[in-house]
Amino acid sequence: MGEDGKAPGRREVMRLGLAATGAVALGTQPAAADPRNLPPNVPPWSKGLGVGVGSAPYGRPSPHEDHVVRRTVSWLTATPHSSVSFTPLQALHGTVTPNGLVFERHHAGYPLIVPEDHRLMIHGLVERPLILTMAELARFPSVSRLHFIECTSNTGMEWRGAQMNAVQFTHGMLSCCEWTGVRLATLLAECGVRPQAKWLLLEGADAAGMTRSLPIGKALDDTIIAWAMNGERLRPENGYPVRAVVPGWEANLWVKWLRRIELGDQPWHSREETSKYTDLMPDGKARQFTFVMEAKSVITDPCPENPLSEHGFRMIGGIAWSGNGKIARVDVSVDGGRNWRPAELEQPILDRCLTRFRMPWRWTGEEAVLMSRAVDETGYVQPSIAELRRVRGLNSVYHNNAIQAWHVSPAGKVDNVQLG
Ligand SMILES: Nc1nc2c(c(=O)[nH]1)N[C@H]1C(S)=C(S)[C@@H](COP(=O)(O)O)O[C@H]1N2
Ligand SMILES: [Mo]
């Protein structure tokens with residue numbers, strides 16, 4: 001941000017370079033190598049027995065990777081119970097987020113549920129209300145699907161200007177997992193949906209008792225009542241023993257610790273769909289039920305945590321995703337959006353999943369502004385922040401899918417900026 005608090009314009013950035021936006025040192029520069037361990041010497045770990053099997057019944061990352069962790073922003077929330085931790089996108093590979101790094105967002109902390117004592121109740125406009133144990137739930141035919149999960153407020157701190165100088169904090173309310181559970185349509189067939197039923201209420205068993213209204217079409221289409229992620233039971237913080245998975249839609253609907261589904265003929269207008277998770281427009285009216293997370297992308301290398309240390313060849317890499325289907329194209333610019341080139345997309349490109357893109361670049365120490373722009377299979381193009389603000393104004397928090405710009409200084413420092 002400029003000294004007056006406004007994001008610097010493009011010319012200002014190019015001419016002056018950029019004042020630090022309160023950089024947080026999150027990248028780790030590798031320590032210098034110990035020459036005694038380098039060829040032709042033999043390092044100590046090659047000279048004796050290693051650690052025996054079974055020493056860690058549940059495996060852990062190498063201690064040398066202990067900087068790859070979820071992080072919180074201390075000033076963002078008043079308590080750790082209604083708060084968020086962010087996924088370290090700058091340090092991840094491929095498209096699946098490891099379970100210990102999936103971002104967390106709770107409104108009242110996470111409950112430590114005893115699975116034998118948890119029930120899922122389905123009632124309201126159904127022929128046969130059901131109360132299921134977790135063992136009964138697991139007897140239904142299951143499906144496994146890879147999908148991203150993105151908090152409605154991901155990138156929400158950036159509406160009024162560049163604020164968080166780290167991709168972990170600008171975009172880290174985003175993860176991608178393989179979710180296993182029963183299709184909600186299967187459970188609803190078991191209950192018998194009455195013809196008047198148009199909406200479902202999903203309710204959590206946390207102290208927030210979080211509730212959201214879900215249209216019946218989405219419930220019958222692809223919503224999953226999931227008990228596992230990435231091959232193991234859900235972690236307590238991500239909804240153990242059971243949560244909703246609502247592919248492509250805002251994560252607030254992915255109710256965790258799910259205990260009750262009620263079928264009704266209209267939405268409930270709960271707190272989370274009136275006072276929160278609505279989009280306040282410039283005319284003072286609020287848009288409600290803006291469920292879909294639209295196409296978005298971000299460069300994760302380079303980024304503020306991954307600065308440039310050497311001139312020469314460098315692969316620009318990042319991730320793209322869309323709540324409306326598959327990613328069709330990602331364009332990359334190294335000059336602040338004047339010129340764009342299509343990036344290479346990594347296969348497989350899956351429906352409502354993270355897709356990796358990359359573009360070769362030769363950096364010779366010039367000032368640069370890196371941007372990526374996703375296009376999805378519906379033809380929707382990720383907007384610039386200026387385009388988004390023209391429609392949505394400055395009051396929004398949610399659904400910020402604007403193009404992210406990273407300014408590269410001649411020294412290779414990378415900073416969050418917004419142009420013009
Ligand atoms: N019961 C319950 N479900 C909840 C929440 C909550 O506070 N309580 N938070 C919601 C929000 S706002 C988000 S972004 C996602 C976060 O899921 P995660 O913690 O698994 O990443 O859970 C959603 N489901
Ligand atoms: Mo959220």
Side-chain angles (χ1 to χ4, degrees), residues 70-73 76-77 79-89 92 96-113 118 120-121 147-157 168-169 171-181 200-214 223-230 232-261 268 270-279 290-293 321 323 354 396-401:
R70 294 189 286 223
R71 287 190 174 82
T72 55
V73 176
L76 200 59
T77 57
T79 81
H81 300 98
S82 182
S83 193
V84 58
S85 69
F86 298 81
T87 294
L89 300 175
L92 296 187
V96 172
T97 311
N99 283 344
L101 298 176
V102 172
F103 78 94
E104 308 157 273
R105 170 82 180 97
H106 328 301
H107 291 76
Y110 63 86
L112 297 170
I113 293 180
H118 186 76
L120 175 60
M121 174 160 88
H147 288 300
F148 74 81
I149 169 170
E150 185 182 18
C151 176
T152 326
S153 45
N154 197 24
T155 322
M157 286 93 85
Q168 182 160 10
F169 298 139
H171 289 79
M173 283 191 250
L174 170 75
S175 297
C176 189
C177 300
E178 186 194 53
W179 307 97
T180 300
L200 285 76
L201 183 77
L202 308 183
E203 183 185 74
D206 51 336
M210 220 202 66
T211 43
R212 279 298 306 254
S213 306
L214 184 73
T223 301
I224 300 166
I225 303 305
W227 52 78
M229 63 187 214
N230 296 333
E232 61 183 3
R233 292 289 174 140
L234 295 169
R235 295 284 169 94
E237 59 269 42
N238 304 109
Y240 184 87
V242 65
R243 82 174 304 165
V245 167
V246 191
W249 286 20
E250 56 185 15
N252 185 254
L253 287 159
W254 299 41
V255 174
K256 301 190 276 189
W257 317 294
L258 187 66
R259 72 170 168 204
R260 191 166 72 90
I261 300 177
W268 277 259
S270 70
R271 173 185 181 272
E272 311 298 334
E273 53 204 23
T274 49
S275 152
K276 306 293 174 201
Y277 300 101
T278 50
D279 307 318
T290 46
F291 297 126
V292 175
M293 301 307 288
W321 62 101
L354 297 190
S396 270
V397 176
Y398 307 111
H399 298 286
N400 179 355
N401 66 328

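Indexing begins at 1, ligand by ligand and atom by atom, following the structure's order. All figures in this text were calculated on a predicted structure; none of them were measured in a lab.
Side-chain contact check for Thr152 and Asn252: no donor-acceptor pair (N or O, by modelled atom type) lies under 3.5 Å. Inspection of the Ser213 and Glu273 side chains reveals an N or O donor paired with an N or O acceptor under 3.5 Å.
Within the 4.5 Å cutoff, no side-chain heavy atoms of Met173 are placed close to those of Thr87.
Pocket lining of ligand 1, defined as residues with a non-hydrogen atom under 4.0 Å away: Phe103, Glu104, Arg105, His106, His107, Ile149, Cys151, Gly204, Asp206, Met210, Glu237, Asn238, Arg243, Ala251, Asn252, Trp254, Val255, Lys256, Trp257, Tyr277.
Closest heavy-atom contact between Asp206 and Gly109: CB-O, 4.3 Å.
Using cut-offs of 30° and 60° on the angle between ring planes, the pair Trp257 and His106 is tilted.
Partners of Trp179 by ring pair (Phe, Tyr, Trp, His ring centres under 6.0 Å), not counting sequence neighbours, listed by chain and number: Trp254.
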